[in-house]
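What follows is a short report on a single structure.
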2 protein chains.
Amino acid sequence: MTEVATARRSRITPEREAELYEAVLELLREVGYDALTMDAIAARTRSSKATLYRQWGGKAELVARAVRHDKPGGSADLVDTGSIRGDLHALTMLSDDCKMEQNSALMRGLAMAIHGNPDLLKAFKEHLVEPEMAEFRRVMQRAVDRGEVHADSPALAFVPHMMIGAFAARTMLDEQPPTQAFLLSYIDAVVLPALCARTTTPTT
Amino acid sequence: MTEVATARRSRITPEREAELYEAVLELLREVGYDALTMDAIAARTRSSKATLYRQWGGKAELVARAVRHDKPGGSADLVDTGSIRGDLHALTMLSDDCKMEQNSALMRGLAMAIHGNPDLLKAFKEHLVEPEMAEFRRVMQRAVDRGEVHADSPALAFVPHMMIGAFAARTMLDEQPPTQAFLLSYIDAVVLPALCARTTTPTT
């Protein structure tokens with residue numbers, strides 16, 4: 001986000017901004033990304049389209065920021081438990097099963113829309129993927145500092161791949177929304193053993 | 001597949017069947033699943049629609065079988081190398097990077113179509129997911145028999161999740177098709193340490 005954009009956005013109150021993001025998510029759940037129009041957002045939020053474009057630049061950024069707004073921010077600090085297992089479990093517990101099911105449906109829709117839509121991919125990476133990865137990197141850095149994970153562990157580069165796999169395969173193969181219980185067992189069975197493995201290269 | 005379906009399908013030669021599947025994949029790459037019609041398949045393959053429906057029941061099963069036909073069959077036996085690392089690496093080497101990129105685009109399209117389409121999900125699971133999982137189970141059983149993987153390893157239930165994560169996150173986050181090199185490093189960094197971990201439950 002540029003400084004100009006920040007300055008512009010600061011003209012609306014945080015309460016108004018939250019209300020607006022809520023309405024965008026509501027519409028997104030109703031019609032999906034492709035059918036969502038700035039006209040509909042303007043009508044639902046009683047804003048002018050000019051204001052929306054001035055504040056957010058466009059639909060992609062507005063949607064990505066709305067989804068981000070809905071997630072717990074500063075998670076890495078909220079879950080500083082003293083162990084990597086504690087931190088990853090605590091991160092999982094920040095969203096209850098109902099919230100997780102809701103988010104899972106939303107993210108699936110967005111993941112599909114991304115492929116025909118470079119603007120959405122860019123906004124999605126900037127406002128959703130990067131901040132979440134930064135949180136994970138802080139959790140991982142603490143684990144490295146404590147000596148739980150080796151700084152050269154090749155699995156560190158694959159934390160997003162492991163986590164996305166849990167969500168995508170759970171939805172697609174198991175046809176169930178991810179739950180806290182499922183994620184906790186996946187973290188214990190896959191993520192921690194991969195990260196904390198003593199030998200970094202298998203020898204056979 | 002029922003016995004009746006097998007008997008019906010046996011009326012056409014394997015060469016004709018292969019030719020037909022190739023045409024279905026070609027059309028699928030051109031227009032995607034939703035826009036693919038039995039009329040277009042009939043025209044492209046110079047078949048009657050009645051024959052297509054009699055032999056395959058419908059679009060979903062025809063597409064799933066065409067995708068399956070394009071993959072190396074009996075892979076688990078082809079790659080019996082004597083170690084789990086050797087087997088997983090050899091499985092990866094069965095498809096070259098070009099083939100993998102092609103398949104990845106196709107599978108992404110199908111994964112999207114699946115969500116609005118219970119017939120496709122059913123056919124996809126029956127003809128694609130189940131056979132691939134059965135191959136993986138045979139590779140895993142050999143590793144358990146050799147003592148490389150503990151029979152109670154909780155990661156055994158998550159092999160599909162780990163592998164789907166590699167493909168999905170690579171495409172979405174890294175914006176690159178999966179390559180052999182990427183998959184080999186993922187197998188070494190994530191899949192093998194998770195499966196071969198000595199402690200099955202982390203203690204911290």
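What you see below is based on every heavy atom in this structure, not just the backbone, and it leaves out hydrogens, waters and symmetry mates. Throughout, protein chains are lettered first and strands after them, A, B, ... in sequence-line order, and every chain is numbered starting at 1. Computed from a predicted model, the values in this text were never measured in an experiment.
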Interface moiety of B/A155 toward chain A, non-hydrogen atoms closer than 4.5 Å: both
field: Which atoms of B/L121 approach chain A - backbone, side chain, both or neither, heavy atom under 4.5 Å
entry: side chain
query: Does anything in residues 178-186 of chain B get under 4.5 Å of chain A by heavy atoms, and if so which residues?
result: B/F182, B/S185, B/Y186
message: Minimum heavy-atom separation for B/P193 and A/A197, please, with both atom names.
response: CB-CB, 3.7 Å
- prompt: Would you say the side chain of B/V190 lies within less than 4.5 Å of the side chain of A/H161, judging by non-hydrogen atoms?
  reply: no
query: Would you find more than 12 non-hydrogen atoms of other residues, nucleotides or ligands less than 6.0 Å from A/E101 atom CD?
result: no
- line: Applying a strict 4.5 Å limit to non-hydrogen atoms, the region of B/V129 in contact with chain A is side chain
